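Given the structure is predicted, the values throughout are model-derived calculations rather than measurements.
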Amino acid sequence: MIQRLLVANRGEIARRIFATCRTLGITTIAVHSDADAGAPFVAEADLAVRLPGNTPAETYLRIDLVLDAARRAGADAVHPGYGFLAENADFAAAVTDAGLTWVGPPAKAIAAMGDKMAAKALLADAGVPMLPTWTEADQVTGFPVLVKAAAGGGGRGMRVVRDAAGLAEAVAGARREAAAAFGDGTVFMERYVERGRHVEVQIFGDTHGTVVALGVRDCSIQRRHQKIVEEAPGVLPPRVRERLHEAAVAAGRAVDYVGAGTVEFLLAPDGEVHFLEMNTRLQVEHPVTEAVTGLDLVRLQLLVAEGEPLPLAATPPADGHAIEVRLCAEDPAQGFRPATGTLHRFAIPGVAGEFTPTRGLRLDSGVVDGSPVSVHYDSMLAKLVAWAPTRAEAARALAGALARAELHGVATNRDLLVRVLRSREFGAAEADTGFLERHEEVFAPLLAADQLPLAALAAALAGAAGRRASAPVLGGLPSGWRNVPAFPQVTRFGGPDGEIEVRYRLDRTGALADWSVPAAAAPTGQDGPAAGGGATSGGDAAPAVTVVEAAPDRVVLDVDGTRRAFRVHRVGSEVFLDGPAGAASLTELPRFPLPTAELAAGSLLAPLPGAVTRVHVEVGQRVTAGDLLLTLEAMKLEHPVLAPTDGVVAELPVPAGGQVDTGAVLAVVTEEDPR
C-alpha cells in the first residue's frame, strides 16, 4: 500500500490530492520552486523539498530533480497532478524504474495518447470519426483550421487560422508556446468547426481490465481555447451520450488504460461527433464529475495504483447538476492578459467544503489571503463548483457566490464568469465554443459606470472614518466640519477609466449635506456627473443620498429610499469596495502629488512582468496601427504588443531575450522619425 506520496505539481491540484491523502492516512510530500516556498500547498504538506529556481523549466519540469526529491523524502509513490510532467511518458517510466508506484496510466498508454497524431490514427482504425488533419502547413486543403500542440493540453499553442496568409506565423507561434509549456514544440493542424460544442467523457480503468465511463462533461465556454466554465452532466440527447460513452471506453481499451483519463470530442451542429484528443491524467474539471457521481476520483486513482479493482463496473447515474468556473488572475482592462500582484483578500461566501466531493458550493484554490501571484505559472487562482438538484439552481448559486466574493489586489475574470452564468444562451444550454466571440456584452464589468461615483463616495467616507478613528484628539468631531459652511472636502481617486474627484460636505451632526462628482473628473464614458443634495452641473436629477453608517470597513448609503451597503477594504492607498451592484478597485491619490518623470509620447508599457521573446521591427521603421512590434511571454502565454497608431518606431529599449517588469517601456512610436 502507498504510505508516502510525492505530488509532482503545485497550487490547487497539489492541495486537492493532499486532502484525499489525509483521509486515507497517506503521508504527503510537496516539491516547490523558490517562488512557491510560502505557498499554501507547501505549508499543508507533511514534508516539502525545494527545487532550486523559479521557472517550470528549472523546477517542476526537471525529472531528475523530482526523483531526487522523492528519494530524499522517502516517497514510495508519485502523483503527477495535471500539467507539467503529468502526460510525460518518460517521467512515468522513470518513476517506475526507480521502484516507485506511479499514480497514473502506464507509460505506454501515455505515449500512445500523448502523440495526438498517433492517437488519431489508432482510434480512426477503431472506427472513431476524425476531423481532417495535417502535419505540415503546405498540406492544408481548406480553411478555417486550428493549429494545435501535439503534446500537453489546456489550450496551449492553439491558434485559429482563417486564411493561408496567417498560417505560417500561427504555426511558428504555436510551436514556441508549446515548447515553453510542455518542452515539445510539435504542432499539427485540423479542420476548425464553427459553433461546435466541446464535450468530454471521464473514463476510469483498473489493472483487471475494467474500463468504465463516468459521464459526459460540457466544456464549451472557452477563451483563448482554454476552458473557463465546465458542467456535468452535459445536456445531450440520450443517443449522443451513449455514442460518446462507447467511443471513450473503446479508446481506453485500445491502449489498456489504467487510472483516470478524459476522452475529448467536438460535437458539430449537425450532431456528428469528432474525436479531438485523449488526456491521460486527471482533468482540471474533475470536480463536476465528482459532484454528480459522489465519487472521489483521487481516491480511485490511489486505489487503482495499489492494484485494487474499481468498485463499479458501469456508468453511475448522475445525481443533480454541477457547474465549475475557473477563477483566473486576468485583467479585463488589458484584454484579459494574465495579472500579477498580491492577493490581499480572497473570500467566497457560502462554501460548504473544499477539495473533496461536496454538495452545495465547493472551492478548490491554490491561494489564500496574502498569496503572491507570480509571473512564472498559470493564471488560475481557484475553481468554484456549485452542485444543485437542477442546472438552473446550480448556475444561479454559482453566479451569486462569485458576485459576492471579495477578490482584492489582483484583477480577475470574476465579472465575466458571472455574466456568462446569467446569460440567456448559457441558461438555455445552447452555448458552443464560439459563445464569447458572439457576446461582447459579457465582457462588461458588473459595476456599471454610472454606479462608480457612489462607490467613490463610499470610499471617501470610509477613509474619513478611518482617519477619525485613528486621530489622537478630537476624533469625535464630524469630518471636515466647520461652524460656517465653506469649501467641500475633496478626495481624488484613480479609477478604471481615469481620475474621479469626490466633493462632499457634512453638517454639524455629521449628516451628508451635499456631494458631487464634477463632470471634469467623472469617469470616461459617463453621460454626466453624479450628485446628491442638489442639482448637478449638468442639470440631471440627483439621487437623494443619506449616510446611514460610515465606518472604516463598511459604509451604508440610503439612495432614493433604498439602502446600499458597501464593504470597504483598504491596503495602503488602494481601496477595494464590494457592493450590491458589483466591485470596484480605486486608488486614493495624494492631495499634493510629487513630480514624476514624464514618459516619452507614444511609449508602450509592459502590462505585466515577462520576457521579450521577439522584436519584429527596427528603430526608424514606419508602422501602421495594429502592426506587431514585439512579443512578450508571460505566464506560459505569448502576448503581442501592437502599434497603437500610425507612426515611426523611435525606440526599442528592450532586446529579444530581455526581462521586463510591469510598466517598463517596450517601444516608443511617434508621428515622425526623431532622427
Side-chain angles (χ1 to χ4, degrees), residues 137 140 143-147 155-177 189 192 194 222-226 330-339 411 413 416 434 436-444 496-498 524-525 599-656 658 660 662-675:
V140 175
F143 291 88
V145 298
L146 184 64
V147 182
R156 305 299 184 194
M158 285 191 184
R159 306 282 197 282
V160 175
V161 183
R162 300 191 177 277
D163 55 57
L167 186 57
E169 174 56 31
V171 168
R175 283 175 174 156
R176 288 191 303 273
E177 196 170 299
M189 292 134 281
Y192 180 69
E194 305 280 3
Q222 302 179 8
R223 189 173 45 75
R224 290 199 292 255
H225 309 293
Q226 291 184 290
E330 296 174 336
D331 189 351
Q334 296 288 337
F336 288 88
R337 290 191 179 113
N413 63 338
L416 169 64
L436 293 182
E437 296 176 3
R438 296 193 304 275
H439 295 281
E440 293 184 3
E441 70 277 5
V442 299
F443 292 97
D497 296 307
T524 303
L599 292 172
S603 295
L604 302 179
L605 308 182
L608 72 169
V612 174
T613 55
R614 289 184 302 154
V615 178
H616 303 272
V617 293
E618 299 176 348
V619 172
Q621 181 175 332
R622 182 164 293 279
V623 295
T624 58
D627 282 354
L628 180 62
L629 304 181
L630 52 90
T631 303
L632 183 70
E633 182 182 295
M635 300 178 94
K636 299 196 291 185
L637 293 174
E638 286 193 340
H639 307 276
V641 177
L642 309 178
T645 185
D646 296 352
V648 176
V649 179
E651 296 180 35
L652 290 168
V654 185
V660 295
T662 301
V665 177
L666 298 175
V668 178
V669 178
T670 60
E671 293 185 3
E672 298 295 336
D673 189 342
R675 300 175 300 177

Set of side chain to side chain donor-acceptor pair (under 3.5 Å) partners for [X], sequence neighbours left out:
X	answer
E441	H439
D331	none
E437	none

Practice task
Determine, stepwise, if the pair L666 / V612 fulfils side chain to side chain contact (heavy atoms under 4.5 Å, CB included).
Solution key: CA-CA 9 Å; L666 298 175; V612 174; 4.2 Å; yes
Handout entry: Partner set under ring-ring contact (aromatic ring centres under 6.0 Å, His included) for F336, not counting sequence neighbours
Key = F443
Practice task
May I ask you to decide whether E169 forms a salt bridge with R175, counting only side-chain N to carboxylate O separations under 4.0 Å?
Solution key: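 Not counted as a salt bridge, because no side-chain N and carboxylate O are separated by less than 4.0 Å.
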Exercise for the section: Please list, chain by chain and in numerical order, all residues satisfying side-chain contact (heavy atoms from CB on, under 4.5 Å) with H616, sequence neighbours excluded. Expected result: R614, L628, T631
Problem - Contacts of type side-chain contact (heavy atoms from CB on, under 4.5 Å), residue A170, not counting sequence neighbours - result: V147, R159, V161
Exercise for the section: Evaluate the side-chain proximity of L632 to V660: yes if any heavy-atom separation is below 4.5 Å, no if none is. Expected result: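 They are in contact (side-chain heavy atoms under 4.5 Å apart), so the answer is yes.
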Exercise for the section: Check whether any side-chain heavy atom of V623 lies under 4.5 Å from a side-chain heavy atom of V669, and answer yes or no. Expected result: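 A side-chain contact under 4.5 Å exists here.
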Handout entry: Atom pair CD (E177) and OG1 (T613), whose distance is rounded to the nearest 0.5 Å
Key = 10.0 Å
Exercise for the section: To the nearest 0.5 angstrom, please state how far the CG atom of L604 sits from the CG atom of L630. Expected result: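 Answer rounded to 0.5 Å: 8.0 Å.
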Just distance, no hydrogens or angles: give the donor-acceptor pairs under 3.5 Å from side chains in residues 640-656, sequence neighbours left out.
residue, atom, partner, partner atom, Å
D646, OD1, A625, N, 2.8

Practice task
Just jot down the salt bridge (charged side-chain N to carboxylate O under 4.0 Å, His left out) partners of R162, sequence neighbours excluded, or say none.
Solution key: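 Residues passing salt bridge (charged side-chain N to carboxylate O under 4.0 Å, His left out) with R162: E194.
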Problem - Contacts of type salt bridge (charged side-chain N to carboxylate O under 4.0 Å, His left out), residue R223, not counting sequence neighbours - result: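 Once residues adjacent in sequence are excluded, the partners of R223 under the salt bridge (charged side-chain N to carboxylate O under 4.0 Å, His left out) criterion are E330.
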Problem - Heavy-atom closest pair, residues L167 and F143 - result: CD2-CZ, 4.2 Å
